[in-house]
Each structure stands twice: as C-alpha cells, then as structure tokens.
K.L.:
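This is the structure I have questions about; it appears just below.
For the numbers below, each heavy atom of this structure counts, side chains included, while hydrogens, waters and symmetry mates do not.
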Amino acid sequence: MNLELRSVIYAKRVEIRDVPVFSCMTCSTYEVLKPVKPDLIQLISSLSPGSEYVSVSFADSNEVAKLITELLEHHPDIDIDTMGKEIEQAKQERINLLLDLYQYALSAGDEHWMNDVERRLEQLSQFRWEEHFSEAG
C-alpha cells in the first residue's frame, strides 16, 4: 500500500484536502490513516455545508496530516522507509516546538491556546509510524 494525500468531499459542498490515506492500486481501495480518522470525523461533524463550495485543509487541524503534507511537499518521491524516519524526526521537532508554545501560552494565561496546543500534542504523541504503517501493509 502507498501513503498519499487525498481530498474528501462532504455533502457535495465541502472539500477537505490533505487527508492521509493508504491506497492499494491492486484492489483500488483507499483507507484513511487510522490515527487521523477520529479528527477527520470530528472536523466533518463541525462543518455545516452552506450554499457555496468550501475547501479546507485537514493539515490545518491535524498535526499528523500536517507532518505528512509537509514531508510529501518537500520530497514527493520519498520511499516508505525513509518517510518513516523523516516523520519520526519531524514529529519530535514539532513536539518540542509545541512544548515551547505551551509554555508561552501558559505564561500568557491563554487557556484556549493552551487547550489547542494540548490537543495537537496529543495527536502527535499517540502516533507511531511503525505501528500504523504495518497495519496497512
């Protein structure tokens, strides 16, 4: 299976870009990466399609999708083994950045910002490349 970014169309009016999925060219199936599925469901449930077409990036609300999106933008032909190593390194760097942001939000007393950073840290800390990639293979 290959890991790629796809768009999900919701209610014919909302496009959610940058959703990481495993694809199998042999059987023509696609499966949303398991650790991002709950956040995708939550995003879909928060959207109410209006009369105009809306396009949003899933990478703006999910840290795992953001890491994968950034990696594939910079290395579109990356092999799976290298991708795993790069994702783990980028994940650690992002966690360090978010911890710094949390400290700043704490000192500023911004509870909303602290909650957002906590949510993003949780997304990253629960993601294990080997665990999730081997499930799809």
Side-chain angles (χ1 to χ4, degrees):
M1 295 190 98
N2 296 319
L3 179 64
E4 56 187 54
L5 298 170
R6 303 291 260 173
S7 291
V8 173
I9 307 296
Y10 168 64
K12 299 180 183 179
R13 294 273 179 222
V14 178
E15 175 187 25
I16 304 169
R17 301 179 323 279
D18 305 321
V19 177
V21 298
F22 287 114
S23 64
C24 178
M25 295 304 141
T26 306
C27 60
S28 299
T29 60
Y30 299 92
E31 179 182 339
V32 174
L33 191 64
K34 285 183 182 179
V36 303
K37 197 178 282 188
D39 291 324
L40 180 60
I41 292 168
Q42 183 179 12
L43 178 62
I44 289 171
S45 68
S46 72
L47 298 171
S48 55
S51 59
E52 293 191 28
Y53 191 83
V54 176
S55 179
V56 297
S57 172
F58 186 55
D60 290 341
S61 64
N62 184 276
E63 289 297 317
V64 174
K66 185 176 194 71
L67 289 179
I68 294 170
T69 299
E70 289 174 353
L71 181 63
L72 290 176
E73 283 176 356
H74 292 95
H75 308 285
D77 297 324
I78 193 168
D79 66 82
I80 280 304
D81 292 330
T82 305
M83 181 182 285
K85 293 172 189 167
E86 293 289 328
I87 287 288
E88 287 299 323
Q89 180 180 346
K91 179 179 98 168
Q92 206 49 55
E93 290 171 5
R94 184 68 178 169
I95 286 172
N96 290 339
L97 174 65
L98 288 169
L99 288 171
D100 290 344
L101 285 173
Y102 185 84
Q103 187 64 35
Y104 187 76
L106 181 65
S107 67
D110 190 330
E111 194 169 323
H112 176 72
W113 192 10
M114 289 167 43
N115 291 337
D116 182 56
V117 172
E118 285 175 0
R119 180 183 61 81
R120 292 173 182 277
L121 282 165
E122 186 176 341
Q123 290 170 350
L124 289 172
S125 65
Q126 292 177 355
F127 178 69
R128 306 278 183 275
W129 173 261
E130 297 82 16
E131 177 182 321
H132 297 293
F133 191 77
S134 65
E135 288 175 359

K.L.:
So, taking the atom named CG in N62 and the one named CZ in R119, what distance separates them when rounded to the nearest 0.5 Å?
P.N.:
8.0 Å
K.L.:
Does N96 reach the side chain of Q92, with side-chain heavy atoms less than 4.5 Å apart?
P.N.:
yes
K.L.:
Got a donor-acceptor contact below 3.5 angstrom from the K91 side chain to the S125 backbone?
P.N.:
no
K.L.:
Do E15 and V54 come close enough that some side-chain heavy atom pair is under 4.5 Å?
P.N.:
no
K.L.:
If every non-hydrogen atom of K66 is compared with every non-hydrogen atom of A59, which pair is closest and at what distance?
P.N.:
CB-O, 3.5 Å
K.L.:
Rounded at 0.5 Å granularity, tell me how far CD in E118 sits from CD in E111.
P.N.:
9.0 Å
K.L.:
Measure the spacing between CD of E86 and CG of L72 and express it to the nearest 0.5 Å.
P.N.:
11.5 Å
K.L.:
Looking only at heavy atoms, which two atoms of I9 and Y53 are closest? And how far apart?
P.N.:
CD1-OH, 3.4 Å
K.L.:
May I ask you to check whether Y102 and W113 place their ring centers less than 6.0 Å from one another?
P.N.:
no
K.L.:
Taking all heavy atoms of L3 and all of P20, pick out the closest pair and write down the distance.
P.N.:
CD1-CB, 4.3 Å
K.L.:
Mark yes when over 12 heavy atoms from residues, nucleotides or ligands other than Y104 sit less than 6.0 Å from its OH; otherwise mark no.
P.N.:
no
K.L.:
Within the distance-only criterion (no hydrogens, no angle test), does the side chain of H75 pair as donor or acceptor with the backbone N or O of L71 below 3.5 angstrom?
P.N.:
no
K.L.:
Determine, step by step, whether E4 and R6 satisfy the salt bridge (charged side-chain N to carboxylate O under 4.0 Å, His left out) criterion, reporting the C-alpha distance in whole Å, the side-chain angles of both residues, the deciding distance to 0.1 Å, and the verdict.
P.N.:
CA-CA 6 Å; E4 56 187 54; R6 303 291 260 173; 3.3 Å; yes
K.L.:
Look up atom CZ in F58 and atom CG in L43, then write down how far apart they are to the nearest 0.5 Å.
P.N.:
6.5 Å
K.L.:
Quick one: closest heavy-atom pair of I68 and I87, and the distance?
P.N.:
CG1-CD1, 3.7 Å
K.L.:
Tell me whether I44 shares a hydrophobic cluster with V19, the cluster being built from Ile, Leu, Val, Met, Phe, Trp, Tyr side chains joined at under 4.5 Å.
P.N.:
yes
K.L.:
Between CG of L5 and CG of D18, what distance do you get to the nearest 0.5 Å?
P.N.:
5.5 Å
K.L.:
So does K37 have more than 12 non-hydrogen atoms from other groups sitting under 6.0 Å from NZ?
P.N.:
yes
K.L.:
My understanding is that only residues two or more places apart in sequence, or in another chain, count here; which of them pass side-chain contact (heavy atoms from CB on, under 4.5 Å) with E122?
P.N.:
Q126
K.L.:
What are the two closest non-hydrogen atoms of P35 and P38, and how far apart are they?
P.N.:
O-CD, 3.9 Å
K.L.:
I need the minimum non-hydrogen distance between Y30 and V21, along with the two atoms involved.
P.N.:
CD2-CG2, 4.4 Å
K.L.:
Taking the side chain as C-beta and beyond, is there a heavy-atom pair between I78 and P76 under 4.5 Å?
P.N.:
no
K.L.:
Sequence neighbours left out, what passes salt bridge (charged side-chain N to carboxylate O under 4.0 Å, His left out) with R120? Give chain and number order.
P.N.:
E63, D116
K.L.:
If you round to the nearest 0.5 Å, how far is NZ of K34 from CZ of F127?
P.N.:
13.0 Å
